[in-house]
Protein chains: 2
Amino acid sequence: MTSVPAYHHGNLRATLLAAAERSLRRDGAERLSLRDLAREAGVSHAAPRRHFPDRQALLDALAESGFARLDQELRAALAEAGEEFGPRLHATAVAYLRFATEDSALLELMFTRKHREGADRLVAAAAEPFGLMHGLIEQGQAQGVLEPGDPQRAGIVLFATLQGIATLVNGGLVAPELLDGIVETAVDQFIRGSRRR
Amino acid sequence: MTSVPAYHHGNLRATLLAAAERSLRRDGAERLSLRDLAREAGVSHAAPRRHFPDRQALLDALAESGFARLDQELRAALAEAGEEFGPRLHATAVAYLRFATEDSALLELMFTRKHREGADRLVAAAAEPFGLMHGLIEQGQAQGVLEPGDPQRAGIVLFATLQGIATLVNGGLVAPELLDGIVETAVDQFIRGSRRR
DNA sequence: AAACAAAGTAGGCAGTGGCAACAAAGATGT
DNA sequence: ACATCTTTGTTGCCACTGCCTACTTTGTTT
């Protein structure tokens, strides 16, 4: 059991973030309330302010850790995917879409520019999974599967495709049953579309 | 000049929607306030309720008309694009991304499932631009540019790619200057990826 | 002309985020 | 060891929001 210090909570910030993550999953960012989180943490309504100047700051922090987790999950998927480019790409796509559909509200928070101007930290956090895609493509080029050239554009297009698929599914515009087939098609098309001619 | 009837406003619904569109453009859905719109329309704070039972209902209506306008703009772009498949696809993509980047908050509203359960109208409205993509692909197949087969999957992937690009740009994760080049790459990749072998 | 439906008004309610002023607990310097 | 300073809480307030109910005005129907 966790002992609960009377006044100084000790890890309020972490507690709030955890509660926020749950709330986000359950009800979406829209309904997330600082006062609610405070109540859940057994703390006064103004306490969160010491750790997050702003509601938005809390949301930004969530998004940031989201990117970190996304990156982590993508790398884990890659680690199990062998050497060959095709399967590696496929594994990445599947992992991305699992993350994106299981945590749709978080995804929304991460990509939708709810983040205000000075969200450098967020953009920096986003750079990691981006770099991963980038590296994946370089690998495809090195293996001679993809045509050589600047991997950036292709990487962005790939990332965008996955992100777009997630949006359509999460938005209820595409039935989840179709997801696997669509991922298949997307990966296949991507490879054919940039393969060495 | 529009005469302003004293009590019965006559077109409050339309007035509110127009104001809402402006507000959405300027500040995003988050900050849109019914009471604000009412004030702007010179009407009491409870008046909007007669036309939209709910804040969400207003947002849904905005999204719905967004889909209609998107469809309209895509069709307009297609009408000017000649017969050949490549240029037609390109024109569609450009038109989509113009819409998506110029009205990013609206786009977010349209695709992000802020819409609640019974948003059949919305899904129906979304079906139109979807159908357009679908038709475009069928045409590509008919012209022998694309491989034959179920156009649905490819259509979804195409739509998703455009949508994803919009999300990345709108979210500030990809610099707007890159947009044109990315669209080029995406279109090119798509054609190569599903071209008749 | 009476009855009715539609569209607007007034006011109240609970809830929110943000702010300021104050209090407790811990850390720090002498 | 003690006084001081900083951090992290607390209480109470404000303006604002969406939603609800009850009432009023207008326009339409019979």
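A note on names: the letters A, B, ... follow the listed sequences, proteins ahead of strands, and every chain is numbered from 1. Hydrogens, waters and symmetry mates are skipped; everything else that's a heavy atom, side chains included, is used.
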Practice item. Check if the side chain of A:R49 and the base of C:dG17 share a donor-acceptor pair of N or O atoms closer than 3.5 Å. Key: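 Between C:dG17 and A:R49, which were checked side chain against base, a qualifying N/O pair under 3.5 Å is absent.
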Review point. C:dG15 base to A:H45 side chain: any donor-acceptor pair below 3.5 Å?
Key: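 Donor-acceptor pair under 3.5 Å: no.
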Could you tell me whether [X] contacts a base, only the sugar-phosphate backbone, or nothing, with contacts defined as non-hydrogen atoms closer than 4.0 Å?
X     : result
A:R39 : sugar-phosphate
B:L32 : sugar-phosphate
B:R13 : nothing

Quickly work out the [X] [atom1] to [N] [atom2] distance and round it to whole Å.
X     : N      : atom1 : atom2 : result
B:R55 : C:dT16 : CZ    : C1'   : 13 Å
B:R50 : C:dA10 : CZ    : C1'   : 12 Å
B:N11 : D:dG27 : CG    : P     : 14 Å
B:F52 : C:dG8  : CZ    : C1'   : 15 Å
B:L37 : D:dC16 : CG    : P     : 16 Å
B:Q56 : D:dT17 : CD    : C1'   : 15 Å
A:L12 : C:dA25 : CG    : P     : 15 Å
B:L16 : D:dG18 : CG    : P     : 12 Å

Review point. Where the side chain of B:S23 meets the backbone of B:A19, is there a donor-acceptor pair that is under 3.5 Å apart?
Key: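 Judged by distance alone, no pair lies under 3.5 Å.
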Point to revise | Short side-chain to backbone donor-acceptor contact, B:Q143 and B:E83, under 3.5 Å | key: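 Between the backbone of B:E83 and the side chain of B:Q143 there is a qualifying donor-acceptor contact (under 3.5 Å).
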Check your understanding: Is it true that A:E84 and A:R88 have a side-chain N and a carboxylate O under 4.0 angstrom from each other?
Key ->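 No, this pair does not count.
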Exercise for review: Using a strict cut-off of less than 4.0 Å between a Lys/Arg side-chain nitrogen and an Asp/Glu carboxylate oxygen, indicate whether B:R98 and B:E73 qualify as a salt bridge.
Suggested key: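 Result for this pair is no, no salt bridge flagged.
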OP1, OP2 of [N] versus side-chain N and O of [X]: anything below 4.0 Å?
X     : N      : result
B:S33 : D:dG18 : yes
A:R35 : C:dA14 : no
B:H51 : C:dA6  : no

**Study point:** Closest listed nucleotide, where the reference is the side chain of B:L34 and the choices are C:dA10, D:dT10, D:dC19
**Key:**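 Out of C:dA10, D:dT10, D:dC19, the nucleotide with an atom closest to B:L34's side chain is D:dC19.
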Exercise for review: Quick one: closest heavy-atom pair of B:L62 and B:L106, and the distance?
Suggested key: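 Scanning both residues, the minimum pair turns out to be O-CD1, 3.7 Å.
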